[in-house]
Amino acid sequence: MSNDERPDSLAEQAAAWVPPWQRPAPAPAEDATPPATAVGAADLGAQVPLQGRSRPRSRWWRSGGGGGEDGAAGGVPGSGRKRSGPRGRSVPEPAAELDDAELRGALEAILLVVDEPVSELVLAQVLEQPAERIGPMLDEIAAGFTAAGHGFELRRAAGGWRLYTRPEYATYVERFVLDGQSVRLTQAALETLAVVAYKQPVTRSRISAIRGVNCDGVIRTLVTRGLVEECGTESDSGAHLYRTSTLFLEKLGLNSLDDLPPLAPFLPDDVEELADAAR
């Protein structure tokens, strides 16, 4: 092509460019050797493979162009791959719903390794299953353990679920775990813990008044053990208020404070006379 016949602008060159697959196949020459000619912009498309050619970063390309198989939303031409999320990120497929046997086995496996009660919501998130399936399945597992007479049971505690040994086998478990060495709460700590459990939230001065002795040291011990915790201050005096912790419920195997045994059967018969005398 002479200088007079060559297009003057890139736009005209692009308009005149014919895709390789639309060009007529050249007739094979018998002994002719193609002369060495300068490669023009229109010939680059025929020499660069389609799959390895980088595309211009134009607004048309970013916006998806014509939107067909060769647009941004279609991916590589002819590959069949489709964009599944914004900016090309793949969207994870939803987890398959487990059948009852698989769900039961997965729950039993998790509950076997937890070191604190785990809630139904957490179990549902971990297993990627509907939350409404978890509660009934846990009830079914607990009933199955009880019916089979296992040495352990599954029960609610501190707002979650955890495996516990059965009370009738506590002597054997203590003998194995403690092996003659144990750190037990003193009588003073047990009395103070009982006052906090039934009177919470309660101040130190109120606890000391009920027990008749100073309880500051015992309170510090219970806080250190994690059985009692601070829960604000009293509005009138500004004194710290104390309540039992989640660990307290877990250690006693209680789901909430409503499960505490009633205090009335343990009170003396003349409690009212003692109360009047104290006034």
Side-chain angles (χ1 to χ4, degrees), residues 98-127 129 131-200 211 218-219 221-229 242-268:
L98 302 177
D99 58 32
D100 290 345
E102 292 175 328
L103 180 59
R104 182 184 298 105
L107 288 173
E108 291 176 357
I110 293 175
L111 291 168
L112 189 63
V113 299
V114 298
D115 55 359
E116 61 183 12
V118 58
S119 67
E120 297 176 8
L121 180 59
V122 171
L123 291 171
Q125 292 174 347
V126 170
L127 298 177
Q129 298 298 310
E132 56 270 14
R133 294 188 63 198
I134 303 301
M137 182 58 68
L138 290 172
D139 290 331
E140 182 178 332
I141 294 174
F145 288 163
T146 302
H150 291 301
F152 55 88
E153 61 183 352
L154 176 63
R155 65 173 184 259
R156 295 178 183 268
W161 291 82
R162 187 179 180 183
L163 292 171
Y164 288 86
T165 56
R166 294 195 181 276
E168 52 266 33
Y169 303 112
T171 303
Y172 307 106
V173 175
E174 290 177 0
R175 188 183 305 169
F176 174 78
V177 174
L178 301 178
D179 193 18
Q181 299 180 359
S182 62
V183 179
R184 298 180 180 273
L185 292 176
T186 63
Q187 185 65 28
L190 289 174
E191 293 176 2
T192 303
L193 186 59
V195 173
V196 176
Y198 284 95
K199 294 292 185 180
Q200 61 184 310
R211 292 198 58 234
V218 180
I219 289 292
T221 299
L222 294 175
V223 171
T224 302
R225 297 277 185 93
L227 299 173
V228 170
E229 61 187 7
Y242 294 90
R243 67 183 178 190
T244 53
S245 63
T246 304
L247 181 62
F248 168 80
L249 296 175
E250 180 183 345
K251 292 299 183 182
L252 268 67
L254 304 176
N255 188 45
S256 67
L257 294 175
D258 295 335
D259 296 334
L260 285 171
L263 193 58
F266 301 97
L267 296 177

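- A tilted orientation is assigned to the rings of Tyr172 and Tyr169, their planes being inclined by 30° to 60°.
- Within the structure, the side chain to side chain donor-acceptor pair (under 3.5 Å) test picks out the following pairs touching residues 151-160 (sequence neighbours left out): Glu120-Arg156, Glu153-Arg155, Glu153-Arg166.
- The side-chain heavy atoms of Leu222 and Tyr242, taken from C-beta on, include no pair separated by under 4.5 Å.
- Residues that satisfy the salt bridge (charged side-chain N to carboxylate O under 4.0 Å, His left out) test with Arg133, not counting sequence neighbours, are Glu97, Asp100.
- The side chain to side chain donor-acceptor pair (under 3.5 Å) pairs that include a residue from residues 105-117 number zero, where partners must be two or more places apart or lie in different chains.
- The CD1 atom of Ile141 sits 12.0 Å away from atom OG1 of Thr146, with the distance rounded to the nearest 0.5 Å.
- The closest side-chain heavy-atom distance from Phe248 to Val196 is not below 4.5 Å.
- The shortest heavy-atom contact between Leu154 and Trp161 is CG-CE3, 3.6 Å.
- Expressed to the nearest 0.5 Å, how far CG of Leu127 lies from CD1 of Ile134 amounts to 5.5 Å.
- Atom CG of Leu123 sits about 9.5 Å away from atom CG of Leu103, to the nearest 0.5 Å.
- Here the closest non-hydrogen pair linking Ala157 and Pro117 is O-CB, 3.0 Å.
- Atom-to-atom distance recorded for Leu185:CG and Thr221:OG1 is 9.0 Å, nearest 0.5 angstrom.
- Once rounded to the nearest 0.5 Å, the distance linking OG1 of Thr244 with CG of Leu227 reads 9.0 Å.
- Judged as a salt bridge (charged side-chain N to carboxylate O under 4.0 Å, His left out), the pairs with a partner in residues 247-260 (not counting sequence neighbours) are, in order, Arg162-Glu250.
- In this structure, Asp139 has no salt bridge (charged side-chain N to carboxylate O under 4.0 Å, His left out) partners at least two apart in sequence or on a different chain.
- Scored by the side chain to side chain contact (heavy atoms under 4.5 Å, CB included) test, Thr171 finds Arg175 as partners (sequence neighbours excluded).
- Interatomic distance, Thr246 OG1 to Leu254 CG, rounded to the nearest 0.5 Å: 12.0 Å.
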